[in-house]
Amino acid sequence: MQTAKNILIWFLIIGFMIVAFNLFEEKGSSSPSATPMSLTTLVDMVKQNKIGEADIKGDKIIAYTKDGQKVETYIPKGYTSIIDEMIKDGVKVKASPSSGGDISSSGNWLVSMLISWFPVLLFAGIWILMMRQMGNGGPTRAFSFGKSKAKVYIEEKPNVKLDNVAGMDEVKEEVAEVIEYLKDPARFRKLGGRPPKGILFYGEPGVGKTLLAKALAGEAHVPFISVSGSDFVEMFVGVGAARMRDTFETARKNAPCIVFIDEIDAVGRSRGAINLGGNDEREQTLNQLLVEMDGFDTSEGILIIAATNRPDILDPALLRPGRFDRQIFIPKPDVKGRYEILKVHAKNKPLAKDVDLELIARATPGFTGADLENILNEAALLAARKRKDLIHMEDLEEAIDRVMMGLERRGMAISPKEKEKIAVHEAGHALMGLMMPDADPLHKVSIIPRGMALGVTTQLPIDDKHIYDKADLLSRIHILMGGRCAEEVFYGKDGITTGAENDLQRATDLAYRIVATWGMSENVGPISVRRNINPFLGGSTVTEGSPDLLKEIDKEVQKLLASAYEETKRVIAENKEALSSVVKRLIEKETIDCKEFVEILSLHGVEVKNACKQEESLEKKENNVEPKIDKNVVNV
Ligand SMILES: Nc1ncnc2c1ncn2[C@@H]1O[C@H](COP(=O)(O)OP(=O)(O)OP(=O)(O)O)[C@@H](O)[C@H]1O
Ligand SMILES: [Zn+2]
């Protein structure tokens, strides 16, 4: 594509140069256009000494008057004495050949030819490019673009081993046999086994798909050839396909080897999918991949591993036997997996004695291997900044907050009045976290701005949760409402702030799903209404269901939210005095933990329903109530 663009740009540059040159030439020789006049008038003008210069071209005289005019006339055959007269009268006379126009007379035949051909060339160029783009293009390699950008990375001997991939024992078992196959493809075939041609790894970003593929190559001591599906996506038809051919050529030269195609969905999207124009290129690339996969013999020892996080949109042809017929799901790590991963990445880092990786693992439900690696890395940077020799638990804690919610922004200018409002809002969330019997235990409240949030209330889930009951969900809604309700209780109906936007969004979303997705509302009943993204309406959602049903759902959602709001407001109003003390302390210290919060409440005789569980479950940061980008949406 780049090359094609360059060609077009050069066309334009040359064109402009020619036109500019042409203009320049014209100025120099014969512009502006000459006024015709009779020979006698010219003779008169010569006599009156008005003519300064004259140019004789065959039987034509072009004369320049002294005041800059240009005139021309014809000399009748044989009447050349006029020239002598002019010379005699002091006119500077030049003679040049007569044939052709001004340009050829100045001898620039090349320029002239280019000018006459330039439009043709330009249009031909544009036409070729457009045809290729539209997909009716000529031979695939007309410009041999295919080679230019093929980002094929070959690692001859990857030094990643299966030991470096932590916490997915079942998956590792499942793929272990291909190592034997790659080590000696011929032996494998002699025994009658049909080794797989392609394996598809699917799972969320960062769970270690690439790492696992590389480890397989490392274990089998074969080269690891890696490409990304998006490298094949091109504007010009045929380029992606050519690149695909090149990739497989490289693979054949390096066999036995592993070819790893990351983001295969970029080329392997279902061909029937809605596509607004021009999917011809992708289709050709996909076809080429299928052809290549069908074309090689498993005894060649080439194993294709593809990775995606969207297996649902892949073309079924890709998943047929003989292609990616083995699909392996790589899940997010569980507690044990997270612990193993942390251990792997902590190996080359100096950890202090107080670091308990098991606790970190428990504190990070939903985190992927990449997230965990990131946490250790951040912690090391933090420790280095504090000029410490070892990484301490506090660094790791801070790193988890950072990875989850962004950097602390202590420098942010916040007026005392605003600070108080933020403290009230956060204290409201936290109080509800302690008062709702089914809530996850509170961890800490902070009014230090972090990432996009002005304050943060964090809770600690006890276990990785996989399903949620209605009580869990309702208590979440109450906690989300806590911020806004506290504002109202402390500052009145007109004192409420915009700070609750994200809380309300999340509460509304949750309430909608309680009613319309999980069928938990008594009035609407056990029904699940589908909400689809409409590709034609800029990604807005389209809800299925009759208008009556949708109206009913909306009413029910509103009712649910309103009653949660009233209930929350009641709880906060009841404990207003105790909460004022908390707010004061919060403004003073900026962060208070669960224990301190509960102590203040008990001074006012308030008993909480939900004890702090710090001792057992330490730093669990799930369900931070404030941030916009959050990892813990309830997705049952
Ligand atoms: N199970 C694991 N054990 C050890 N490290 C892991 C594990 N999973 C992920 N990592 C770390 O996370 C990094 C990113 O993982 P990787 O690139 O393999 O993920 P991926 O699933 O291929 O992601 P993507 O879909 O974004 O390409 C790895 O380099 C590795 O350091
Ligand atoms: Zn809030």
Side-chain angles (χ1 to χ4, degrees), residues 158 160-172 200-216 224 226-230 260-266 305-311 328-334 336-348 361 367-377 403 421-433 445-447 449 452-458 476-487 496-507 568 623-628 630:
V160 181
K161 293 279 147 60
L162 276 184
D163 282 345
N164 301 109
V165 188
M168 43 169 111
D169 297 340
E170 287 136 50
V171 175
K172 279 199 270 186
L200 179 73
F201 288 165
Y202 65 100
E204 287 189 39
V207 290
K209 301 182 288 291
T210 314
L211 189 71
L212 180 61
K214 202 183 266 189
L216 291 176
F224 182 72
S226 104
V227 287
S228 169
S230 52
F260 179 71
I261 309 178
D262 207 356
E263 298 175 53
I264 186 140
D265 42 295
I305 299 181
T308 181
N309 40 23
R310 294 296 312 275
I328 296 177
F329 173 58
I330 308 208
K332 279 188 181 178
D334 56 7
K336 191 169 149 277
R338 292 198 295 274
Y339 176 55
E340 303 285 330
I341 294 171
L342 285 167
K343 271 204 303 199
V344 166
H345 289 287
K347 244 178 214 157
N348 50 4
F367 277 47
T368 63
D371 294 331
L372 295 170
E373 187 191 3
N374 197 5
I375 284 176
L376 282 166
N377 208 31
V403 169
K421 282 203 163 183
I422 297 168
V424 165
H425 180 106
E426 292 309 323
H429 283 308
L431 179 75
M432 291 314 288
V445 201
S446 163
I447 55 166
M452 293 176 77
L454 292 173
V456 179
T457 302
T458 43
R476 270 182 195 236
I477 292 181
H478 283 84
I479 296 167
L480 285 166
M481 292 294 189
R484 163 59 61 86
C485 289
E487 288 171 12
I496 56 180
T497 74
T498 53
E501 176 183 342
N502 185 245
D503 299 335
L504 292 179
Q505 264 170 16
R506 292 176 62 188
T568 306
N623 191 30
N624 48 85
V625 178
E626 203 70 342
K628 291 209 167 105
D630 88 31

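Remember, it's 1-based here, ligands and their atoms both numbered in the order they're listed.
Remark: Thr308 engages Asp265 in a side chain to side chain donor-acceptor pair (under 3.5 Å) (not counting sequence neighbours).
Across all their heavy atoms, Glu487 and Val424 have their closest contact at N-CG1, 4.0 Å.
At a threshold of 4.5 Å between non-hydrogen side-chain atoms, the residues Met432 and Leu480 do not count as touching. Under the 4.5 Å side-chain criterion, counting only non-hydrogen atoms from C-beta, Leu372 is in contact with Arg338.
With a heavy-atom cut-off of 4.0 Å, Leu212 does not touch ligand 1 at all.
The shortest contact between atom 14 (C) of ligand 1 and any protein heavy atom is with Ala370 CB, 3.9 Å. Scanning the protein for heavy atoms near atom 22 (O) of ligand 1, the closest one is Thr210 OG1, 2.5 Å. At the top of the distance list for atom 27 (O) of ligand 1, counting protein heavy atoms only, stands Asp262 OD2, 3.4 Å. If you check which protein heavy atom lies closest to atom 19 (O) of ligand 1, you get Gly208 N, 3.2 Å. With hydrogens left out, the protein atom closest to atom 8 (N) of ligand 1 is Val207 O, 3.2 Å, a heavy atom. In terms of protein heavy-atom proximity, atom 5 (N) of ligand 1 is nearest to His345 NE2, 2.8 Å. Scanning the protein for heavy atoms near atom 3 (N) of ligand 1, the closest one is Ala166 N, 3.0 Å. Atom 7 (C) of ligand 1 has Leu211 CD2, 3.8 Å as its closest protein atom, hydrogens excluded (heavy atom only).
The Zn ion (ligand 2) has no N, O or S atom of Glu426 closer than 2.8 Å.
On a distance-only criterion, Val344 and ligand 1 share no N/O pair closer than 3.5 Å. Ligand 1 has no nitrogen or oxygen under 3.5 angstrom from a nitrogen or oxygen of Val165. Taking distance alone, with nitrogen or oxygen atoms compared against 3.5 Å, Met168 stays at or beyond that limit from ligand 1. The N/O atoms of Gly206, backbone and side chain alike, include one that comes under 3.5 Å of an N/O atom in ligand 1.
At the Zn ion (ligand 2), the angle from OD2 in Asp503 to NE2 in His425 is 100° when rounded to 10°.
Closest heavy-atom approach to atom 11 (C) of ligand 1 among the candidates Glu263, Glu373, Lys209: Glu373.
Between the OG atom of Ser226 and the NZ atom of Lys214 there is a distance of 7.0 Å, given to the nearest 0.5 Å. Atom-to-atom distance recorded for Glu340:CD and Asp334:CG is 9.5 Å, nearest 0.5 angstrom. Atoms CG and CG, on Leu162 and Leu216 in that order, are 6.0 Å from each other to the nearest 0.5 Å.
Judged by distance alone, the side chain of Asn374 and the main-chain N or O of Asp371 form no donor-acceptor pair under 3.5 Å. A donor-acceptor pair under 3.5 Å is absent between the side-chain atoms of Lys209 and the main chain of Ile330, judged by distance alone. Using modelled atom types, no side-chain atom of Lys421 and backbone atom of Gly499 make a donor-acceptor pair closer than 3.5 Å. Looking at Arg484, its side chain never comes within 3.5 Å of a backbone N or O of Thr498 through a donor-acceptor pair.
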query: Given Glu204 and Lys332, is the side chain to side chain contact (heavy atoms under 4.5 Å, CB included) satisfied, shown in steps?
result: CA-CA 7 Å; Glu204 287 189 39; Lys332 279 188 181 178; 3.0 Å; yes

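Under a 4.0 angstrom heavy-atom cut-off, Asn164 registers as being in contact with ligand 1. Within the 4.0 Å heavy-atom cutoff, Ile341 counts among the residues contacting ligand 1. Using 4.0 Å as the threshold, Ala307 has no heavy atom nearer than that to any atom of ligand 1.
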